[in-house]
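Below: the structure, in structure tokens.
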Protein chains: 2
Amino acid sequence: MILSKSFGYALRGILYVSLMQEEKRKVSLDEIAGQLKVPRYFLAKIMKEVVKAGVLSATRGQQGGFFINSNTLNTSLTTIIRLTDGEEYFNICMLSLQKCNPSNPCPLHSKFEPGRQELFEVCHNTTIGMVIKNNKPEFIKSISFH
Amino acid sequence: MILSKSFGYALRGILYVSLMQEEKRKVSLDEIAGQLKVPRYFLAKIMKEVVKAGVLSATRGQQGGFFINSNTLNTSLTTIIRLTDGEEYFNICMLSLQKCNPSNPCPLHSKFEPGRQELFEVCHNTTIGMVIKNNKPEFIKSISFH
DNA sequence: CCCATTAAAGACATGGGCGTCTTTAATCAT
DNA sequence: ATGATTAAAGACGCCCATGTCTTTAATGGG
């Protein structure tokens, strides 16, 4: 697995809430999990972190739920990866060598660098808002199919 | 983790054996694990698979150990990844969507494709022999440091 | 032939990602 | 106010990658 399952759940959850927000309504955990066919309780944990990080907002109680805030659409994929896959994700050596770094590289460091850099750039330059922009009719379906 | 720890252990083990082979000698598991500072018993399991796949050869008994064969230097990184991270590694959707594929892509499929392709190409086009070629004096050290 | 040595094979333990359930706290409709 | 609804928080279990140990089988030295 290049990225964790948690990342997929988090991103899809955020995208779903952002899409629904066009209708100015809050979205409950049950709705998200149901629509995206994602394990409800597990998603709850992840969404809690997403809210804690300020990427989404949420209120409890009747008519409560998740909703976007001023950060949401500007959030980059790297921000989400940091939440779900850890701060160090982008620095871990492909050979799992702790001391590998640009100034003390492993034998494959330079080989892997372009691909890793490309993936990082894409994640860094892609925001939730940009993904939402490409608003195909089947968008919900495309993040719901199992 | 982009690639498993097992991949790092396998690759480093294969590289070590290949380097020692220049002195025409077999290498024991104890030597590999000791030199590379890798969990001995865990490495044993991985090396068994490496031998079973034909990437290295091995004999038991006194003066036994691991040694290279006609496949070793031509083995690509993708072959090793297939052993340690599974056949499907290169096809898994970044959002963990099972039905995501080029003809039914997730919203980020095309974004991730160039980076993934780059990594795949590098792995596919890089062989053990090519890595050995860049034979710096500190090569052993570079795959040994923890 | 016998024994030390070595990889192969299999049993078992651990840790973290993943998943489920229960309890608590907040919010709103009534 | 009260109760239904909702997210937050925490306890618990499962599975698989990782790691350890023991037993078995093969090989070569003496």
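This one's a predicted model, so the numbers in the text were calculated from it and none came from an experiment. In what follows, chains carry the letters A, B, and so on, assigned in the order in which the sequence lines appear, proteins first and then strands, with residues in each chain numbered from 1.
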side-chain N/O B:S6 vs D:dT18 OP1/OP2, d < 4.0 Å: yes

Separation of atom NZ in A:K52 from atom C1' in D:dA9, rounded to whole Å: 9 Å

Distance-only donor-acceptor test, A:R60 side-chain atoms vs C:dA25 base atoms, 3.5 Å: yes

Nucleotide D:dG19, atom C1' - distance to CZ of B:F42 in whole Å: 7 Å

Exercise: identify the closest heavy-atom pair between A:V55 and A:N69: O-OD1, 3.8 Å

Between B:S4 and B:D85: side-chain donor-acceptor atoms closer than 3.5 Å: yes

Side-chain heavy-atom pair B:L77, A:L108 within 4.5 angstrom cut-off: yes

Distance in angstrom units between B:I46 CD1 and D:dC16 C1', rounded: 14 Å

Sugar-phosphate, base or nothing in reach of B:V38, heavy atoms under 4.0 Å: nothing

Nearest-angstrom distance from the residue atom NZ of B:K26 to P of C:dT6: 11 Å

From C:dG19, C:dT6, C:dA29, nucleotide with atom closest to A:Q62 side chain: C:dA29

d(CD1, A:I92; P, C:dG16) in whole Å: 14 Å

Out of C:dA7, C:dC18, D:dA7, whichever nucleotide has its closest atom nearest the side chain of A:S28: D:dA7

5' priority, DNA chain C, between B:G61 and A:G61 [closest heavy atom]: B:G61

Nearest-angstrom distance from the residue atom CD of A:E49 to P of D:dA8: 10 Å

Sugar-phosphate, base or nothing in reach of B:Y9, heavy atoms under 4.0 Å: sugar-phosphate

Polar side-chain atom of A:R12 near backbone of A:I143 as donor-acceptor pair, under 3.5 Å: yes

Given DNA chain D, 5'-ward residue of the pair A:Y41 and A:G64, judged by closest heavy atom: A:G64

Closest-nucleotide ordering on DNA chain C, the 5'-leading residue of A:K5 and B:Q63: B:Q63

Exercise: do B:T79 and B:S76 side chains pair donor with acceptor under 3.5 Å: yes

Nearest-Å distance for atom pair CG/P, residues B:L36 and D:dG19: 14 Å

Between P of C:dT20 and CG of A:D30, the distance in whole Å: 13 Å

Closest to side chain of B:K45, choosing from C:dC18, C:dA11, D:dA7: C:dA11

